[in-house]
Amino acid sequence: MANNSNQTVFDPKAFLAIVGEGKTILEFRKDQIVFAQGDAADTVFYIQKGRVKVVVISEQGKEAVVGIFGPGQFFGEGCMNGHSVRIATTTAMEDSLLTSITKTSMLALLHDQPKFSEMFMAYLLTRNSRIEEDLIDQLFHSSEKRLARLLLLLANFGKDGNPQPIIPHISQETLAEMIGTTRSRVSFFMNKFRKLGFINYNGRVEVNSSLLNAVLYDKPEIKREA
């Protein structure tokens, strides 16, 4: 009987960390553009290290932050769904290490490597659920509660109850763009959260478990809009 113990097991994350056919490892400095709205869309990106911000610019020049992605996440996958040009601009928020995969190689991987396909499908399902939750958030929740939820998401809040820092620093203007309100409202809510002990806010933001409880149990400190 053949011994299969020496066969190499395909590791998607290890595979994405090395250079290969149709696959390039790229470094981006803080504030460097990865791709711009209107650029040709022919690659998918995977984040090994760092964070990127996705911004859409309207014909009137108004900007909206539609996403922030970190290690272990993909972006630019719209090219797999028929987008020939980028519909948003993506910028590194800190020094970042990315894997660029051509559309052709990505299709081959999804066809030939079940483990990679499972990883990518899990990402897409999680992302789709997040988009649905964001839509519900915008429709039914106050800007205060939207900010609370966003802070928890940005902190990747865990279950151990310890303060979770938001890295890198994100400006109040960016937070306001992400929840559809003004910078002054974000400033008011951040000061309120700090006074209530929901966050520590001294140069950088640390999210406490009390904020999670306030959101989950809809406590009166965080109010709904009529």
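Residue indices begin at 1 and follow the sequence shown.
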**Asked** When you look at CD of Glu27, are more than 12 heavy atoms from neighbouring residues, nucleotides or ligands closer to it than 6.0 Å?
**Response** no

**Message:** Holding to ring-ring contact (aromatic ring centres under 6.0 Å, His included), I want the full list of residues that pass it with Phe116, two or more places apart in sequence or in another chain.
**Reply:** none

**Prompt:** If we ignore angles and hydrogens, is there a donor and acceptor under 3.5 Å between the side chains of Arg86 and Gln37?
**Reply:** no

**Item:** Which atom of Ala41 lies closest to which atom of Cys79, heavy atoms considered
**Value:** O-CB, 3.5 Å

**Message:** According to ring pair (Phe, Tyr, Trp, His ring centres under 6.0 Å), does anything in residues 48-70 pair up with another residue at least two apart or in another chain? List the pairs.
**Reply:** none

**Message:** side-chain contact (heavy atoms from CB on, under 4.5 Å), that's the test. Do Phe28 and Met93 meet it? Break it down for me.
**Reply:** CA-CA 9 Å; Phe28 288 87; Met93 299 183 70; over 6 Å; no

**Message:** Under 4.0 Å between a side-chain nitrogen and a carboxylate oxygen: does that hold for Asp95 and Arg29?
**Reply:** yes

**Message:** Side-chain heavy atoms nearer than 4.5 Å, only ILVMFWY residues, links allowed to pass through others: does that put Leu124 and Ile47 together?
**Reply:** yes

**Request:** Flag the pair Leu175 / Ile170 as yes when at least one side-chain heavy-atom distance between them is below 4.5 Å, and no otherwise.
**Result:** yes

**Prompt:** Taking a hydrophobic cluster as the set of Ile, Leu, Val, Met, Phe, Trp and Tyr residues connected by side-chain heavy atoms closer than 4.5 Å, whether directly or through intermediates, do Ile131 and Leu152 fall within one such cluster?
**Reply:** no

**Prompt:** Should Leu107 and Leu109 be regarded as members of a common hydrophobic cluster, given that ILVMFWY residues are connected when their side-chain heavy atoms come within less than 4.5 Å of each other, either directly or indirectly?
**Reply:** yes

**Request:** Dump the intermediate steps for salt bridge (Lys or Arg N to Asp or Glu O under 4.0 Å) on Arg183 and Glu177, then the final yes or no.
**Result:** CA-CA 8 Å; Arg183 192 207 64 79; Glu177 289 175 355; over 6 Å; no

**Request:** Rounded to the nearest 0.5 Å, what's the gap from CG on Leu151 to CZ on Phe189? Could you check?
**Result:** 11.5 Å

**Request:** Any chance you could lay out the salt bridge (Lys or Arg N to Asp or Glu O under 4.0 Å) test for Lys49 and Glu94, step after step, and finish with the verdict?
**Result:** CA-CA 9 Å; Lys49 183 179 70 172; Glu94 58 188 4; over 6 Å; no

**Item:** CD1 (Ile87) with more than 12 external heavy atoms under 6.0 Å
**Value:** no

**Request:** Could you walk me through whether Met178 and Ile68 pass the side-chain contact (heavy atoms from CB on, under 4.5 Å) test, one step at a time?
**Result:** CA-CA 9 Å; Met178 294 186 73; Ile68 292 177; 3.6 Å; yes

**Message:** Please determine whether residues Phe75 and Met80 belong to a single hydrophobic cluster, defined as Ile, Leu, Val, Met, Phe, Trp and Tyr linked transitively by side-chain heavy-atom distances below 4.5 Å.
**Reply:** yes

**Prompt:** Using a distance-only test with no angle check, is there a side-chain donor-acceptor pair under 3.5 angstrom linking Thr104 and Thr102?
**Reply:** no

**Within-4.5 Å side-chain heavy-atom neighbours: Glu77 and Tyr123** = yes

**Item:** Cluster check Leu97, Ile33: I/L/V/M/F/W/Y, side chain < 4.5 angstrom
**Value:** no

**Item:** Non-neighbouring partners of Phe188 that pass ring-ring contact (aromatic ring centres under 6.0 Å, His included), sequence neighbours left out
**Value:** none

**Value rounded to 0.5 Å, distance of CD in Glu133 from CG in Leu153** = 7.5 Å

**Item:** Polar side-chain atom of Asn81 near backbone of Gly78 as donor-acceptor pair, under 3.5 Å
**Value:** no

**Request:** Show your reasoning for whether salt bridge (Lys or Arg N to Asp or Glu O under 4.0 Å) applies to Arg185 and Glu144.
**Result:** CA-CA 8 Å; Arg185 292 292 285 168; Glu144 184 180 6; over 6 Å; no

**Message:** A side-chain contact here means heavy atoms from C-beta on lying under 4.5 Å apart; do Leu98 and Val34 qualify?
**Reply:** yes

**Derivation and outcome, ring-ring contact (aromatic ring centres under 6.0 Å, His included), residues Phe74 and Phe120** = CA-CA 8 Å; Phe74 294 88; Phe120 189 64; 5.0 Å; yes

**Asked** OG/Ser187 to CD/Glu173 distance, rounded to the nearest 0.5 angstrom?
**Response** 9.5 Å

**Close side-chain approach of Val56 and Glu63, heavy atoms under 4.5 Å** = no

**Asked** For Thr174 and Ser171, does a side-chain donor sit closer than 3.5 Å to a side-chain acceptor?
**Response** yes

**Exam field: side chain Asn208 to backbone Ser210, donor-acceptor pair closer than 3.5 Å** = no

**Asked** Closest approach of Ser100 and Phe45, non-hydrogen atoms and distance?
**Response** CB-CE2, 3.7 Å

**Contact check, side chains of Met190 and Ile199, non-hydrogen atoms, under 4.5 Å** = yes

**Request:** Please name the pair of heavy atoms, one in Val186 and one in Leu147, separated by the smallest distance, quoted to 0.1 Å.
**Result:** O-CD2, 4.1 Å

**Message:** Would you say that Val207 contacts Phe193 through its side chain, given a criterion of any heavy-atom pair below 4.5 Å between the two side chains?
**Reply:** no

**Prompt:** Step by step, would you call Met121 with Leu110 a side-chain contact (heavy atoms from CB on, under 4.5 Å)?
**Reply:** CA-CA 9 Å; Met121 183 62 71; Leu110 293 173; over 6 Å; no

**Request:** Identify the heavy atoms of Gly50 and Ser96 that sit nearest to each other, and give their distance.
**Result:** CA-OG, 3.5 Å

**Asked** At their closest point, which heavy atom of Val65 faces which heavy atom of Lys53, and how far apart are they?
**Response** CG1-CG, 3.9 Å

**Asked** Are Lys23 and Phe15 in a cation-pi contact, defined as NZ or CZ under 6.0 Å from the six-membered ring centre and within 45° of the axis?
**Response** yes

**Asked** Checking side-chain contact (heavy atoms from CB on, under 4.5 Å) for the pair Leu16/Gln48: CA distance, chi angles, key distance, verdict?
**Response** CA-CA 8 Å; Leu16 289 165; Gln48 293 188 42; 5.6 Å; no

**Message:** Can you confirm whether Gln73 sits close enough to Arg127 that some side-chain heavy atom of one is under 4.5 Å from a side-chain heavy atom of the other?
**Reply:** no

